[in-house]
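Below is one structure, written out as structure tokens; the observations come after it.
Below, chains carry the letters A, B, ... as their sequence lines are ordered, and counting in each starts from 1.
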Amino acid sequence: DVKVTQSSRYLVKRTGEKVFLECVQDMDHENMFWYRQDPGLGLRLIYFSYDVKMKEKGDIPEGYSVSREKKERFSLILESASTNQTSMYLCASSLYRWIAGDPYEQYFGPGTRLTVT
Amino acid sequence: AQTVTQSQPEMSVQEAETVTLSCTYDTSESDYYLFWYKQPPSRQMILVIRQEAYKQQNATENRFSVNFQKAAKSFSLKISDSQLGDAAMYFCAYTTIMGGGATNKLIFGTGTLLAVQP
């Protein structure tokens, strides 16, 4: 089974702190994603990566950065946390190439609920 | 730009009954995938069912089936014989298909929270 893990289920940080959210997958997936989930807004893509050291902005990258030094690990960084970044953060991974039986499915981690006070 | 719309923020169904969750999308692409994901309370999001746009036959997975209307850009999920374990947030999602390799960004709807009444 594909396993995507996130470093924390719950996190409380203060405004202005630098926050690191870690995501690890064990299926050798090329693609990794960070989403933000808010009520009434669904999931919105923050950043994604299709290879080590490669990254692309998603729909809402402002206030965030990412790091992918190893294929299995994708980190989301809040440079200076703000209260409007209080949210649920979901990490996901997927294969880059279409493989029969597994077309484009993304596998999700359990999420990190971040509260910034 | 592609968009996905779920117009039912909340739905409720009696155990053993059937419920249909609605999803519409907008795209100018001819080839794409559509998905329904399930997010149970405090648990990981999992894929329920997927549909390839070029296939006319509606996908089914046990008690879950879809009604895919390509011309109408509609993709509804039907849950038959609803069970208490079906209670969850359900998200409709879309991705385009690119030949060779794909960084398959998903576009999600806003979700439908399904309650199952015993």
Which bit of [X] comes within less than 4.5 Å of chain B, counting heavy atoms only: side chain, backbone, both or neither?
X       : value
A:Arg44 : neither
A:Glu56 : neither
A:Leu43 : both

Do [X] and [Y] belong to the same hydrophobic cluster, where Ile, Leu, Val, Met, Phe, Trp and Tyr are linked whenever their side-chain heavy atoms lie under 4.5 Å apart, directly or via other members?
X        : Y       : answer
A:Val19  : A:Ile60 : yes
A:Met32  : B:Phe35 : no
A:Phe108 : A:Met88 : yes
A:Leu95  : A:Trp34 : no
A:Leu21  : A:Ile77 : no

Non-hydrogen side-chain atoms of B:Tyr33 and A:Glu105 separated by less than 4.5 Å: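 No, every pair of side-chain atoms sits at 4.5 Å or beyond.
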A:Leu90 side chain reached by B:Gln39 side chain, heavy atoms, under 4.5 Å: yes
Would you say B:Lys78 has more than 12 foreign heavy atoms packed within less than 6.0 Å of its NZ?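 Counting neighbours around NZ of B:Lys78, 12 or fewer heavy atoms of other residues, nucleotides or ligands fall under 6.0 Å, so no.
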Is it the case that atom CG in B:Asn62 sees more than 12 heavy atoms from other parts of the structure closer than 6.0 Å? no
From [atom1] ([X]) to [atom2] ([Y]), nearest 0.5 Å:
X        : Y        : atom1 : atom2 : answer
B:Ile107 : A:Leu45  : CD1   : CG    : 9.5 Å
A:Phe48  : B:Leu106 : CZ    : CG    : 11.5 Å
B:Thr95  : A:Gln106 : OG1   : CD    : 7.5 Å
B:Lys105 : A:Tyr35  : NZ    : OH    : 9.5 Å

Pick whichever of B:Arg43, B:Met45, B:Met89 has the most heavy-atom pairs under 4.5 Å with chain A.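 Result: the option with the highest number of such pairs is B:Met45.
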